[in-house]
Amino acid sequence: MNDHLMNTYARLPVSFERGEGAWLWDESGKRYLDAISGLGVTALGHAHPTVAEVIADQARLLMHTANIVRIPWQEKLGAKLAEISGLDRAFIGNSGTEAIECALKIVRLAGHARGIALPGVIVMENSFHGRTLAALSATGSGKVQAGFEPLVGGFERVPFNDLSAVEKIAAVPNEITAILVEPIQGEAGIQVPDTGYLAGLRRVCDAEGWLLIFDEIQSGLCRTGRWYAYQHEEAIPDILTSAKALANGFPIGACLARVEAAELLTPGRHGSTFGGNPLACRTACTVLDIMRHEHLADRAGALGARMLADLRQRLESRSPVVSIRGRGLMIGIELDREIEDFKALALERGLLLNVTRSKVIRLLPPLIIDEDQADEIVATVSTLVESLD
Ligand SMILES: Cc1ncc(COP(=O)(O)O)c(C=O)c1O
């Protein structure tokens with residue numbers, strides 16, 4: 001069946017024919033509750049009527065022109081992203097990893113402008129930033145990097161949530177130009193740092209003249225109860241990467257920056273054929289409008305808090321459970337054992353979820369789930385975890 005596809009994914013033995021809201025249907029007509037949103041992408045649920053209509057309308061009008069001309073929908077999207085993030089300017093690409101590449105290219109320019117020949121970036125253990133060569137070199141996972149050496153240089157790795165490790169680097173002569181960090185680590189198993197960590201990183205960056213880059217490709221766009229997770233703290237980054245939910249499944253990614261950093265990119269220094277075309281940008285504008293009008297950040301915050309409380313009440317004392325953590329609708333349940341078959345067991349019960357780091361059940365449901373669906377996710381996951389006890 002897969003003879004003509006590169007074998008890059010361990011796929012579950014199911015495929016879906018259609019979706020509606022948080023529901024998916026496979027080819028036999030069986031219904032599943034989606035607790036992973038295509039890895040944090042379909043925040044508005046499947047087949048959202050307004051999004052579908054906008055895509056169809058724009059496809060009939062004008063899909064693509066390339067960036068050799070002005071693209072009004074890209075300009076509108078830039079303004080909306082600036083408003084929700086507090087940053088100034090956007091570069092629109094097609095994926096998360098491309099947004100990271102853009103951020104890292106700005107870092108190189110910033111370092112060179114300061115006379116640093118080999119600008120370094122502090123990155124975190126267990127981080128994930130994508131699969132292009134620079135992004136995987138920044139990523140804190142031997143599994144992601146293995147076989148792709150030589151890696152891109154210039155990354156200095158420290159433990160996540162350890163401000164003193166960063167301060168130690170700052171205390172001695174160095175060529176660091178930036179810190180790159182996920183405000184909540186996703187692939188690492190939903191790791192939420194201590195309050196004050198992000199603000200502490202901001203203080204170090206201000207003192208050292210480093211750029212602070214937040215990778216909110218997974219945690220951003222209302223999932224944690226704010227537009228971006230850093231907005232839970234007083235810590236605005238210099239550069240922000242955002243993708244996944246931005247167009248609810250239409251491929252897009254954005255690198256946002258404060259004006260001083262953004263201005264380092266001048267015509268000809270960066271680009272993308274597809275990036276920021278009218279179809280992608282109008283879709284993203286629509287998604288952001290819906291998120292705002294439907295108060296999805298508040299909804300994700302409240303529903304997520306309720307799910308976390310329910311999961312803790314039901315599972316915290318169970319022996320396989322190491323920790324239940326998260327923020328908003330970004331939830332991880334770490335067990336004391338490898339649970340690779342957990343996804344298949346959940347699927348049998350009509351629930352689509354994900355396992356990361358082999359031991360962490362990851363829940364990233366659509367932000368539009370209702371209370372009953374949230375309860376169903378909690379009940380099914382709890383029953384399955386209890387059956388391991
Ligand atoms: C935090 C983070 N950064 C970067 C990426 C890469 O994004 P993409 O797969 O769109 O290239 C991901 C994807 O999971 C992510 O979670």
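As the structure lists them, so they are numbered: ligands from 1, and atoms in each ligand from 1.
Using cut-offs of 30° and 60° on the angle between ring planes, the pair Phe160 and Tyr197 is perpendicular.
Heavy atoms only, all atoms of each residue included: Cys205 and Leu212 are closest at SG-CB, 3.8 Å.
At under 3.5 Å, a nitrogen or oxygen of Phe128, whether backbone or side chain, sits near a nitrogen or oxygen of ligand 1. Inclusion of Gly96 in the set of residues having an N or O under 3.5 Å from an N or O of ligand 1 is warranted.
Applying the salt bridge (charged side-chain N to carboxylate O under 4.0 Å, His left out) definition to pairs two or more places apart or across chains, those involving residues 43-53 are Glu53-Arg60.
Shown in contact with Glu187 at under 4.0 Å from a heavy atom are these atoms of ligand 1, numbered in order with element: 14 (O). Within ligand 1, the atoms closer than 4.0 Å to a non-hydrogen atom of Lys244 are 13 (C), 14 (O), 16 (O), numbered from 1 in the order shown. Residue Asp215 has at least one heavy-atom neighbour below 4.0 Å for each of these atoms of ligand 1: 1 (C), 2 (C), 3 (N), 4 (C).
The protein heavy-atom contact nearest to atom 16 (O) of ligand 1 is Gln218 NE2, 2.8 Å. Protein heavy atom nearest atom 11 (O) of ligand 1, with residue, atom name and distance: Thr97 N, 2.8 Å.
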Apply side-chain hydrogen bond (donor to acceptor under 3.5 Å, both in side chains) to the pair Glu216 and Ser219, showing each step before the final yes or no.
CA-CA 5 Å; Glu216 292 242 24; Ser219 57; 2.7 Å; yes
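Apart from Met330 itself, the hydrophobic cluster it occupies contains Leu12, Val14, Phe16, Leu24, Tyr32, Ile36, Leu39, Ile184, Ile190, Val192, Leu347, Leu352, Leu364, where clustering links Ile, Leu, Val, Met, Phe, Trp and Tyr at side-chain heavy-atom distances under 4.5 Å.
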